[in-house]
Amino acid sequence: MARHIKQLKEFSQNKELVLLVGSSIKQPSSHTNFIQKFLSTLQNSWDILELYLSEVKDRNLTTEAFYRVFYEYFTDDVFLPLQSFKYTEADPFYETIAQIVASKKLLALGTIDIDNRLSLALKEEYTDIPFEQHADTNIPYISYLNGCIDNEDSLRQTLDNESHRLIGASPNLEKFYHFITKNDKAKAVLLMGLHPNDFCWKKTYGFAVQLAKKYPEKPIFWMYTEKNIALDHLEKLGNVHLIPYSPDILAEVFDLQHVNEAVADLDLSPLNKWLEAKNTDADLLEFSGALLNQVISRSHSLQTLDYAMSSYQSEMNSGGLARVHRLKGAIYFEQGHLEKSIHNHNEAISLWSRSNNEQQLARENVLLADTYWNAGATDRAVQHYGEALSIYNMLENISGISSVTDKLARICDIDEDYELAQRYYNESLEAKKIKNQYSEMVQTLLNLSASLIKNQDWEQATKNLQEALRIGNEYYCHSSLEEVHQHLGLISMSALDYERAYEHYKTSHGIYQIQKDVLSSVFVNCNLGHICAKLENYDNSVKYYEGALESYEKMGDWQHLAAIYNNLGYINTCRKECGLAEEYFSRSVEIFVALGDVMNLIRTHGNLARVYTMQGEFENAIECYLANVEMLTQLDEKVELASTLIAISIVQAQSDQKEASEKSINEAIQIYQNLGMEKELQEAEEILQNLSSS
């Protein structure tokens, strides 16, 4: 442990440490009393909930599940219970965090809490803001508070947000992950104040697992007060180090004068008073419906939402009615009742329109369009996406424009209207440029390039992919660059520039290996095998195919396994290693027989027959071809049957079976005559003439 503390101290002194903090260094209560109080309040008003109250409690509803519904559902509205999560003063735990920040030894700070205590502590501690842009990496020192995780956010801007209202139900750990993994200066992560059943425990734990597996060079230090199975599992990954929390350790790592341990409890009295006073409020009914849908049953959620509708109607609250229709639309869609889902979204659209709420009207049109798209009604989806786009353009809502044009582009791509798809992708790209959404720009350039490739506009696709590479490398947006290299490799292959294709696929393969993405890595392995075969670099081709073979064997993916055996057979045929080629083709045949894959079995029989012919084993070759004749006859594949008969004829001629050879070629000629295939008929007759004269 002393070694780990020494490492932490070095990382902090070099300003290479990212700190991610939870709500308390001590194991907090699970807020079970809070949840039971809430549900008990509902029970007093509605008998329908009484039947399910014990079930919710027995399920041990986590704080995270409850808060997720609570925040996601009411994030756009002023809802009084949010006030219970605002504090007037910081507690000692967050005061300690503020001292650490003030020591100017952190690269970045993040929080996975839901209140404003850290903000209060920072305001008390600071007169000077230490976060400034790092000259070497061009990445700002970022402060992530209450989900505010945009690169342009500074600590000062965050502290100026008095309400510190949560923007989402959880912090955007994806961007936090991106900052840690792509910033060379971020060498280690320290997590503290987070425990099982805390808000965002599962999401943060998953983030830590992903980081530990894909970036073993960036150690994770987790300060804990109680060990558990999850932390033991993390420690086994090799680069996660568990350190028991103590004030002395924290003081040693960050050179602090004094660290307090006491942590104040969350004051729930404002919420409890509100619940007691407003237990029949329409907002509460609406939220109850959302909660029931999350944890108990959709049918009872719908019944509770009907109660909320009645209350909102009596209050003439069109906004509340529209929200309920929106939620009912989502629930009906989950149940598979598309007509009811569409009806409720349409009702919500009418209500938002009457109340002149353009922002929500656009959002509702998007939700209805999503429903139509998922139901396969793309024409109606396009209509409502178009309505939303018109509103977003009028409101100059750049995020809305970006999202909707992306969806419209994908629909046009599927419908093979590539020109319109490319127009929408370009609109989306322009919107993302305005917002400096570099990662999203890379992805849109990738999608645009894929559309251009389908339309065989190789030159423009290449320009867009090169721009994606430039943005990705300049702004540390590396998450999609492996796909960019794959697309560039595909373009190079189509241009028969196999050397360049090899370089792009090799780069992509290297990224996937670092990420330990087995599925993608094995796919690129196969492409590298194909390219090396084209370059006649058979040794490397075998190496890549064998790498893919090992992965498919572990996965039990027999279809791809047989294809790789076939490819290895082809390579060894080219190398004149007929024994190995026969072995690989035979393995492929066995698998295709077991899978009942007749067409691939026919192709592999043909490959095996050619190997037998090279070895002078003419009877074995003829036997393979005759097996194909039988299968092709049953499938009524006349063209393939004719070409197989010609192949048999040639082998029969080589083995001095002249009469049988002429019979086979004449059968092929008859097929071509019946099909009216003049060119193939002429070629077959020339072969017959050559056979007859020999």
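Just so we're clear, the structure is a prediction, and the values are computed from it rather than from any experiment.
- Heavy atoms of other residues, nucleotides or ligands lying less than 6.0 angstrom from NZ of Lys9 number more than 12.
- Other residues, nucleotides and ligands place no more than 12 heavy atoms under 6.0 Å from the OH atom of Tyr570.
- Atom CG of residue Leu237 and atom NE2 of residue His233 lie 5.0 Å apart, to the nearest 0.5 angstrom.
- A distance of 8.0 Å separates CD in Glu467 from CG in Leu429, rounded to the nearest 0.5 Å.
- Counting heavy atoms of neighbouring residues, nucleotides and ligands inside a 6.0 Å radius, atom NZ of Lys454 exceeds 12 of them.
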Quiz prompt | Verdict with supporting geometry, Leu190 and Val18, side chain to side chain contact (heavy atoms under 4.5 Å, CB included) | solution = CA-CA 6 Å; Leu190 171 63; Val18 177; over 6 Å; no
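- Contacts of Tyr385 classified as ring-ring contact (aromatic ring centres under 6.0 Å, His included), with partners at least two apart in sequence or in another chain: none.
- Atom CH2 of Trp458 sits in a crowded spot, with more than 12 heavy atoms from other residues, nucleotides or ligands closer than 6.0 Å.
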Exercise. May I have the step-by-step check of side chain to side chain donor-acceptor pair (under 3.5 Å) for Gln486 and Tyr512, ending in yes or no?
Key: CA-CA 11 Å; Gln486 280 191 71; Tyr512 283 131; 2.9 Å; yes
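- With hydrogens and angles left out, the side-chain atoms of His530 and Tyr545 include a donor and acceptor closer than 3.5 Å.
- In summary, the side chains of Trp352 and Glu364 do present a donor paired with an acceptor at a separation below 3.5 Å, with no hydrogens or angles considered.
- For residues 387-432, no pair satisfies ring-ring contact (aromatic ring centres under 6.0 Å, His included), with sequence neighbours left out.
- Using a 4.0 Å cut-off between charged side-chain N and carboxylate O, Arg500 and Glu503 make no salt bridge.
- Under the ring-ring contact (aromatic ring centres under 6.0 Å, His included) criterion, His560 pairs with Tyr552, sequence neighbours left out.
- To the nearest 0.5 angstrom, Leu561 atom CG is 10.5 Å from Met555 atom CE.
- Residues satisfying the ring-ring contact (aromatic ring centres under 6.0 Å, His included) criterion with Phe523, sequence neighbours excluded, are absent altogether.
- Remark: the backbone N or O of Val189 is not paired with any side-chain donor or acceptor of Lys218 at under 3.5 angstrom.
- Within 6.0 Å of CD in Glu217 there are more than 12 heavy atoms belonging to other residues, nucleotides or ligands.
- Judged purely by distance below 3.5 Å, without hydrogens or angles, the side chains of Asn14 and Glu10 never pair a donor atom with an acceptor atom.
- With no hydrogens or angles considered, a side-chain donor-acceptor pair links Asp413 and Ser451 at under 3.5 Å.
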Please tabulate, for side-chain N and O atoms in residues 374-382, each donor-acceptor pair with protein atoms closer than 3.5 Å (sequence neighbours left out).
residue, atom, partner, partner atom, Å
Asn374, ND2, Asp370, O, 3.0
Arg380, NE, Gln383, OE1, 3.2

Exercise. For the pair Asp497 and Lys534, evaluate salt bridge (Lys or Arg N to Asp or Glu O under 4.0 Å) and give the outcome as yes or no after the intermediate values.
Key: CA-CA 10 Å; Asp497 187 349; Lys534 292 289 186 182; over 6 Å; no
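- With sequence neighbours excluded, the residues forming a ring-ring contact (aromatic ring centres under 6.0 Å, His included) with His485 are His504, listed by chain and number.
- Expressed to the nearest 0.5 Å, how far OG of Ser449 lies from NE2 of His487 amounts to 7.0 Å.
- A donor-acceptor pair shorter than 3.5 Å cannot be found between the side chains of Ser521 and Gln513.
- Here the straight-line distance linking atom OG1 of Thr405 with atom CZ of Arg410 works out to 10.0 Å at 0.5 Å rounding.
- The pair Arg423-Glu427 meets the salt-bridge criterion, with a side-chain N (NZ, NE, NH1 or NH2) lying under 4.0 Å from an Asp/Glu carboxylate O.
- The six-membered or imidazole ring of His345 lies away from that of Phe333, with a centre-to-centre distance of 6.0 Å or more.
- Side-chain atoms of Tyr505 never come within 3.5 Å of backbone atoms of Asn527 as a donor-acceptor pair (strictly under, hydrogens ignored).
- Here the CG atom belonging to Leu445 is positioned 5.0 Å from the CD1 atom belonging to Ile471, to the nearest 0.5 angstrom.
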Quiz item: Checking side chain to side chain contact (heavy atoms under 4.5 Å, CB included) for the pair Tyr502/Cys532: CA distance, chi angles, key distance, verdict?
Solution: CA-CA 8 Å; Tyr502 177 80; Cys532 288; 3.7 Å; yes
